[in-house]
**Q** 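Structure below; questions to follow.
All values below come from the heavy atoms of this structure, side chains included, with hydrogens, waters and symmetry mates left out. One-based numbering, in listed order, for ligands and for the atoms of each.
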Amino acid sequence: MSDIVWHQHSIDQESRALLKGQSPVLLWFTGLSGSGKSTLAGALERALYDAGFHTYLLDGDNVRHGLCKDLGFSADDRDENLRRVGEVAKLMVDAGLVVLSAFISPTKEERERVRGLFDEGRFIEVHVSTPIEVCEARDPKGLYKKARAGEIKDFTGISAPYETPTAAELTIDTNKGDLASQVSALLDYLAAIQVIDGAKLKAAG
Ligand SMILES: Nc1ncnc2c1ncn2[C@@H]1O[C@H](COP(=O)(O)OS(=O)(=O)O)[C@@H](OP(=O)(O)O)[C@H]1O
Ligand SMILES: Nc1ncnc2c1ncn2[C@@H]1O[C@H](COP(=O)(O)OP(=O)(O)O)[C@@H](O)[C@H]1O
């Protein structure tokens with residue numbers, strides 16, 4: 001039994017969200033390295049920001065420079081990385097933001113654990129399903145080449161597992177169509193589930 005008691009403050013998620021004119025959610029982009037998570041999440045954040053919505057993007061590469069710089073890529077370290085990110089994202093959603101995150105998040109258990117932190121409907125899993133052959137051909141950071149040469153161990157998709165999501169809210173293969181239409185589909189979805197006001201989005205052009 002813990003001696004720490006939750007303090008309920010008077011301003012809650014609903015009040016903060018009302019002030020911002022949006023319904024806060026976490027859009028959790030998961031997929032292989034090079035699948036397009038950062039590009040998609042960044043372009044979606046830009047579109048939301050330009051339309052006047054309040055956002056924050058948590059990106060794996062960036063978080064690993066600070067909050068998670070003590071962690072590597074063993075299964076335990078990835079678990080801890082995603083635990084911390086989930087908790088930070090929960091605070092940001094509580095602050096009333098539309099939060100986007102771009103982490104490989106390779107296991108179902110890790111993704112479901114983060115989902116479990118949120119009320120129903122506030123965690124939206126976006127599987128960036130670009131096939132590994134495409135990711136490896138892109139290899140923007142040269143990491144697949146190094147992993148194949150054995151210079152990086154535990155590399156997702158090569159020498160460490162990636163469990164394909166089976167119940168993601170959305171699935172996007174960035175090898176099909178273009179970025180603008182992928183972002184447009186994401187915006188349409190957010191308007192349809194009333195996370196953002198479709199009229200405000202339309203007015204922004
Ligand atoms: N061994 C290994 N496996 C996978 N990825 C590696 C590895 N070593 C370094 N990198 C780089 O780290 C980025 C992934 O970090 P994440 O925090 O998203 O990973 S995880 O969710 O904790 O599995 C990933 O970034 P993205 O390419 O943007 O996905 C890589 O650039
Ligand atoms: N929507 C897209 N359409 C086409 N190519 C893309 C798209 N998104 C990303 N790419 C290509 O894939 C590469 C990796 O994208 P990135 O967003 O860095 O992936 P991740 O964050 O999953 O590692 C980019 O350098 C770009 O060339």
Side-chain angles (χ1 to χ4, degrees), residues 26-48 56-90 92 99-115 117 123 125-165 168 170-189:
L26 169 58
L27 280 150
W28 184 272
F29 291 80
T30 171
L32 294 167
S33 175
S35 59
K37 302 180 296 297
S38 300
T39 306
L40 256 183
L44 177 61
E45 187 185 31
R46 163 59 63 187
L48 289 167
Y56 196 86
L57 170 53
L58 288 160
D59 191 290
D61 281 322
N62 300 349
V63 167
R64 282 176 174 276
H65 277 90
L67 178 68
C68 298
K69 73 175 179 188
D70 55 323
L71 302 174
F73 290 91
S74 66
D76 282 355
D77 278 9
R78 290 178 198 251
D79 239 45
E80 175 59 11
N81 182 38
L82 300 166
R83 188 193 69 78
R84 289 182 200 173
V85 169
E87 294 290 348
V88 169
K90 187 181 175 188
M92 289 182 166
V99 183
L100 306 95
S101 67
F103 293 84
I104 294 176
S105 43
T107 72
K108 279 186 193 166
E109 195 182 337
E110 285 157 352
R111 297 186 295 261
E112 286 312 303
R113 198 182 51 196
V114 178
R115 184 189 287 274
L117 296 172
F123 177 92
E125 188 175 354
V126 184
H127 177 208
V128 185
S129 64
T130 317
I132 190 158
E133 307 78 57
V134 176
C135 300
E136 190 166 359
R138 288 177 177 170
D139 205 8
K141 303 170 193 161
L143 297 177
Y144 282 94
K145 197 165 173 235
K146 282 190 182 165
R148 290 283 185 203
E151 290 164 29
I152 306 179
K153 64 177 184 109
D154 300 332
F155 193 78
T156 311
I158 305 290
S159 44
Y162 180 80
E163 295 172 10
T164 304
L170 296 165
T171 300
I172 299 175
D173 177 348
T174 64
N175 198 35
K176 295 181 184 150
D178 57 38
L179 184 59
S181 51
Q182 291 151 6
V183 169
S184 174
L186 285 161
L187 289 170
D188 288 348
Y189 177 80

**Q** With sequence neighbours left out, what residues match Tyr144 under ring-ring contact (aromatic ring centres under 6.0 Å, His included)?
**A**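 With neighbours one apart ignored, the set is Phe155.
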**Q** For the backbone of Lys153 and the side chain of Lys146, can you confirm whether one donor and one acceptor N or O come within less than 3.5 Å of each other?
**A**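 No, Lys146 side chain to Lys153 backbone: no donor-acceptor pair under 3.5 Å.
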**Q** Ignoring hydrogens and angles, tell me if any N or O in the side chain of Glu163 forms a donor-acceptor pair with the backbone of Pro106 under 3.5 Å.
**A**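 Pair absent, no side-chain N/O of Glu163 close to backbone of Pro106.
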**Q** Atoms of ligand 1 less than 4.0 Å from Lys153 heavy atoms?
**A**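 The list of qualifying atoms is 1 (N).
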**Q** For atom 23 (O) of ligand 1, what's the nearest protein heavy atom and its distance?
**A**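 Closest protein heavy atom to atom 23 (O) of ligand 1: Arg78 NH1, 2.8 Å.
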**Q** For a 4.5 angstrom cut-off between non-hydrogen side-chain atoms, does Trp28 reach Leu82?
**A**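 Sidechains of Leu82 and Trp28: in contact.
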**Q** If we only count N/O pairs under 3.5 Å, is Ile104 in contact with ligand 1?
**A**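 Yes; at least one N/O pair falls below 3.5 Å.
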**Q** List in chain and number order the residues that pass salt bridge (charged side-chain N to carboxylate O under 4.0 Å, His left out) with Asp139, two or more places apart in sequence or in another chain; answer none if no residue qualifies.
**A**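 None.
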**Q** For atom 26 (P) of ligand 1, what's the nearest protein heavy atom and its distance?
**A**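 Minimum-distance protein heavy atom for atom 26 (P) of ligand 1 reads Lys141 NZ, 3.3 Å.
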**Q** To check your reading of the model: name the closest protein heavy atom to atom 29 (O) of ligand 1, its residue, and the distance in Å.
**A**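 Here the nearest protein heavy atom works out to Lys37 NZ, 2.9 Å.
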**Q** Is a side-chain donor or acceptor of Arg113 paired with a backbone partner of Asp79 at a separation under 3.5 angstrom?
**A**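 Yes; at least one donor-acceptor contact below 3.5 Å.
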**Q** Quick check against the 3.5 Å criterion: does Ser105 have a side-chain atom that pairs as donor or acceptor with the backbone of Phe103?
**A**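 Judged by distance alone, yes, a pair lies under 3.5 Å.
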**Q** Between Thr30, Asp61, Leu58, Asn81, which one has a non-hydrogen atom sitting closest to atom 22 (O) of ligand 1?
**A**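 The option holding the nearest heavy atom is Asn81.
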**Q** Starting from atom 16 (P) of ligand 1, which protein heavy atom do you reach first, and at what distance in Å?
**A**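 Of every protein heavy atom, Arg64 NE, 3.6 Å lies nearest to atom 16 (P) of ligand 1.
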**Q** Applying a 4.0 Å heavy-atom criterion (strictly less than), which segment of Phe73 is in contact with ligand 1: side chain, backbone, both, or neither?
**A**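 It is the side chain that gets close, since no backbone atom is under 4.0 Å.
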**Q** Considering residues at least two apart in sequence or located in another chain, which fulfil the salt bridge (charged side-chain N to carboxylate O under 4.0 Å, His left out) criterion with Arg148?
**A**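 Once residues adjacent in sequence are excluded, the partners of Arg148 under the salt bridge (charged side-chain N to carboxylate O under 4.0 Å, His left out) criterion are Glu136.
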**Q** Would you indicate whether the side-chain heavy atoms of Thr156 and Ser33 approach each other to under 4.5 Å?
**A**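 No - every pair of side-chain heavy atoms lies 4.5 Å or more apart.
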**Q** Which residue owns the protein heavy atom closest to atom 21 (O) of ligand 1, what's the atom, and how far is it?
**A**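 So the nearest neighbour among protein heavy atoms is Ser105 N, 2.9 Å.
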**Q** For the residue pair Thr174 and Arg138, confirm or rule out a side-chain donor-acceptor distance under 3.5 Å.
**A**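 Present: a donor and an acceptor within the cut-off.
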**Q** For atom 30 (C) of ligand 1, grab the closest protein heavy atom and report residue, atom and distance to one decimal in Å.
**A**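 Among all protein heavy atoms, the one nearest atom 30 (C) of ligand 1 is Leu143 CD1, 3.5 Å.
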**Q** Would you say Glu110 contacts ligand 1, with heavy atoms under 4.0 Å as the rule?
**A**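 Under 4.0 Å: no for Glu110.
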**Q** Check each protein residue for a heavy atom under 4.0 Å from ligand 2 and list those that pass, ordered by chain and number.
**A**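 Contacts of ligand 2 under 4.0 Å: Leu32, Ser33, Gly34, Ser35, Gly36, Lys37, Ser38, Thr39, Arg138, Pro140, Thr174, Leu179, Gln182.
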